Peer 1: 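Quick one: the structure is below, and I'll ask about it shortly.
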Amino acid sequence: MSWVSKTLNSTLGRKVLMALTGLFLILFLVVHLAGNLQLLIPDGGEAFNKYAATMANNPFIKVVSIGNFAFILIHVIYSIILSRHNKKSRPVGYSITKASSNSTWASRNMGILGTFLLIFILVHLKGFYYEVKFGSIPMTTYEGVEFKDVFAIVSAAYSNVLYVAFYVLSMGFLAFHLSHGFASAFQTLGLNHVKYSPLIRKVGLVFSILIPALFALIPLVMFFQN
Amino acid sequence: MNLTLKIWRQKNNTDKGAFKEYKIADISEDMSFLEMLDVLNEQLSTKGEDPVHFDHDCREGICGMCSLYINGNPHGPQQTTTCQLHMRSFKDGDVITIEPWRAKAFPVLKDLVVDRSSFDRIIQAGGYVSVNTGGVPDANEIPIPKSIADLAMDAAQCIGCGACVAACKNASAMLFTSAKVSQLALLPQGQVERKIRAENMVAQMDAEGFGACTNTGACEAECPKGISITNIARMNREYFSAVLSSDTV
Ligand code: HEM
Ligand code: SF4
Ligand code: FES
């Protein structure tokens, strides 16, 4: 084995891949949210549709989106590899554990939270990404130029109470995943320091509440406006 | 006080093992947990039964031999070693469940005794420094800032008990290994083997079958010596800077 594959197959190497891909996904969440918030501009979806078109035609965004898919895939594959390895490390379990006395619930259930997130991502991709890219969608015209009416699709989806409930619930899972994941990624990368770690933990907590809450706000607002 | 003990009994490494219940009476709250078990074993011996096997040595919290997973926590409800745990932490009528450390890398030998030689092999892989033989060096020849010496001493407090592994949901040995990497990496004397130490100790830790780290912090919360997970972050730094810059391909 070369030193590279040996390192990436070590427990530490696998964790660093989790941390790096996780941090990238966190960055992606911010960009994605900034785009989504345009759904709330009361202009019948014009700003959002124009934004969607710019994103779809930008070659840089294309590269980033391929990277994004790859990072999700790596994050998921390594979460399976790590979880299976960790399970095997304790073949016989305890009859009683008081795990809540020494660790948080989220930190012990990253795999379960991640699995719910994966289901959400797949449903989300099928409903929006796939439809917009390959499905037939209505068109709309602004100043004589034709645009795909992505807003109409989103608006239709968010008038379904089940979809909205699923979305909001999933953001709850995201909040818990991030409440541990954000700070954990820095620790994994070796960034633990008396000066910065308290700040990282605080930012992580605020981030893990604020970002999922804002994501969840959009379908809620659109549902009640419909 | 009177207690019910549910103790894991297992004849040997290949036996399946099961819990067995024992009633014990008139236990003083000033007894240590191990003294309570001594009383039980006395009674079992007089009855001609096989006493409960458990590890212990110094009984003063410094050797790391005692173990025991008591009512869901390694070393019981206090953040101390089992030998320093006293019966005043329990109430009359309590049911106390006692299990061995559970980890693939800590196979059960008998009852509550597990084989922790995987820890020894991790230390052998890199927990040493090279020194010149010859005359005794002058004291204070190598200047070390107090803050660094303190950090190294904090890491060196690890007694190798394995409670971190026992507490971790992944049976990970990161806290132990990181303490052993840190205590030497921090000091000037540890610089010669610095890179090879990090690489070899991590490789040995993985080879022994310990789990990976999810940063739950359970190890730090349960460690009787208060070893901090900042050591794990340091080990990660040591390991990656070693891997990226060493000559080992
Ligand atoms: C928006 C999506 C996601 C984001 C932002 C995200 C972010 C993160 C971050 C930052 C970490 C911490 C890494 C570390 O401890 O070093 C993490 C850990 C983890 N993630 Fe995700 N994640 C996402 C989706 C997923 C999905 C879809 C899965 C699995 C199916 C998943 C499974 C896990 C697991 C199991 C861990 C813990 C690994 C361990 O330490 O044992 N995540 N995630
Ligand atoms: S780090 Fe703490 S819990 Fe782990 S072996 Fe050392 S002293 Fe025991
Ligand atoms: S017997 Fe030595 S630390 Fe408990």
Side-chain angles (χ1 to χ4, degrees), chain A residues 1-4 6-19 78-79 81-111 180-194 196-197 200-201, chain B residues 6 8 17 19 69-74 77 79 97 99-100 102-106 108 165-174 198-199 202-203 205-206 209-222 228-241 243-244 246 248-249:
Chain A
M1 253 196 301
S2 85
W3 66 273
V4 179
K6 208 167 92 187
T7 306
L8 293 182
N9 276 315
S10 70
T11 46
L12 264 54
R14 288 168 176 172
K15 260 318 290 263
V16 158
L17 287 177
M18 281 307 280
Y78 274 85
S79 82
I81 295 176
L82 277 168
S83 302
R84 288 188 49 177
H85 173 82
N86 292 343
K87 265 246 135 42
K88 274 199 289 189
S89 303
R90 175 166 294 135
V92 182
Y94 296 108
S95 75
I96 302 180
T97 49
K98 288 219 187 83
S100 54
S101 69
N102 57 36
S103 51
T104 61
W105 181 86
S107 73
R108 296 192 304 274
N109 290 284
M110 292 297 276
H180 175 68
F182 190 100
S184 175
F186 289 90
Q187 162 81 2
T188 301
L189 295 175
L191 300 167
N192 189 323
H193 193 280
V194 275
Y196 309 112
S197 293
I200 291 173
R201 277 192 290 275
Chain B
K6 278 177 71 182
W8 184 260
F19 281 102
Y69 201 81
I70 304 163
N71 278 352
N73 294 101
Q79 200 182 356
T97 305
E99 308 178 61
R102 295 293 191 189
K104 185 175 157 211
F106 287 166
V108 174
V165 176
C168 175
K169 77 175 180 69
N170 307 331
S172 170
M174 297 274 174
E199 288 187 72
V202 169
M205 174 179 80
D206 287 352
F210 290 106
C213 182
T214 303
N215 301 324
T216 68
C219 51
E220 176 185 87
E222 298 286 4
S228 158
I229 55 170
T230 53
N231 288 298
I232 299 182
R234 183 181 297 105
M235 175 171 73
N236 293 1
R237 294 199 294 277
E238 290 288 322
Y239 178 71
F240 285 104
S241 57
V243 164
L244 290 172
S246 77
T248 24
V249 279

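Small disclaimer: the values here were computed from a predicted structure and weren't measured. Just so we're on the same page: letters track the sequence lines, and every chain starts at 1.
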Peer 1: Do you know which of A:Arg108, A:His193, A:Lys88 has the most heavy-atom pairs with chain B at a distance under 4.5 angstrom?
Peer 2: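 Of the options given, most contacts go to A:Arg108.
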
Peer 1: Which region of A:Thr188, side chain (C-beta onward) or backbone (N, CA, C, O), has a non-hydrogen atom less than 4.5 Å from a non-hydrogen atom of chain B, or is it both or neither?
Peer 2: both

Peer 1: I'd like to verify something: which residue of A:Lys87, A:Lys98, A:Lys15 has the highest number of heavy-atom pairs under 4.5 Å with chain B?
Peer 2: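 With the most close heavy-atom pairs to chain B, the winner is A:Lys98.
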
Peer 1: Measure B:Thr248 against the heavy atoms of chain A and call it side chain, backbone, both or neither at under 4.5 Å.
Peer 2: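 Only the backbone of B:Thr248 comes within 4.5 Å of chain A.
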
Peer 1: Counting only non-hydrogen atoms closer than 4.5 Å, does B:Cys219 touch chain A with its backbone (N, CA, C, O), its side chain (CB onward), both, or neither?
Peer 2: neither

Peer 1: With a 4.5 angstrom heavy-atom cut-off, could you sort out which part of B:Asp206 is near chain A: side chain, backbone, both or neither?
Peer 2: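 The side chain, not the backbone.
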
Peer 1: Would you name the heavy atoms of B:Thr97 and B:Phe19 that are closest together and state the gap between them?
Peer 2: CG2-CE2, 3.7 Å

Peer 1: Please name all residues satisfying ring pair (Phe, Tyr, Trp, His ring centres under 6.0 Å) with B:Tyr69, sequence neighbours left out, ordered by chain then number.
Peer 2: A:Tyr94

Peer 1: Tell me, for B:Thr214 versus chain A, whether the close heavy atoms (under 4.5 Å) come from the side chain, the backbone, both or neither.
Peer 2: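 It is both, since atoms from each part get that close.
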
Peer 1: Using ring pair (Phe, Tyr, Trp, His ring centres under 6.0 Å) as the criterion, list what pairs up with A:Phe186, not counting sequence neighbours.
Peer 2: A:Phe182

Peer 1: Taking side chain as everything from C-beta outward and backbone as N, CA, C, O, which of these in B:Val243 sits under 4.5 Å from a heavy atom of chain A? Side chain, backbone, both or neither.
Peer 2: both

Peer 1: Side chain, backbone, both or neither: which part of B:Pro77 has a non-hydrogen atom closer than 4.5 Å to chain A?
Peer 2: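 The answer is neither part of B:Pro77.
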
Peer 1: Of the backbone (N, CA, C, O) and the side chain (C-beta and beyond), which part of B:Phe106 lies under 4.5 Å from a heavy atom of chain A, both, or neither?
Peer 2: neither

Peer 1: Which atom names give the shortest non-hydrogen contact between A:Pro91 and B:Ala103, and what distance separates them?
Peer 2: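 For A:Pro91 versus B:Ala103, the nearest heavy atoms are CD-C, 4.3 Å.
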
Peer 1: B:Ala203 versus chain A, heavy atoms under 4.5 Å apart: side chain, backbone, both or neither?
Peer 2: neither

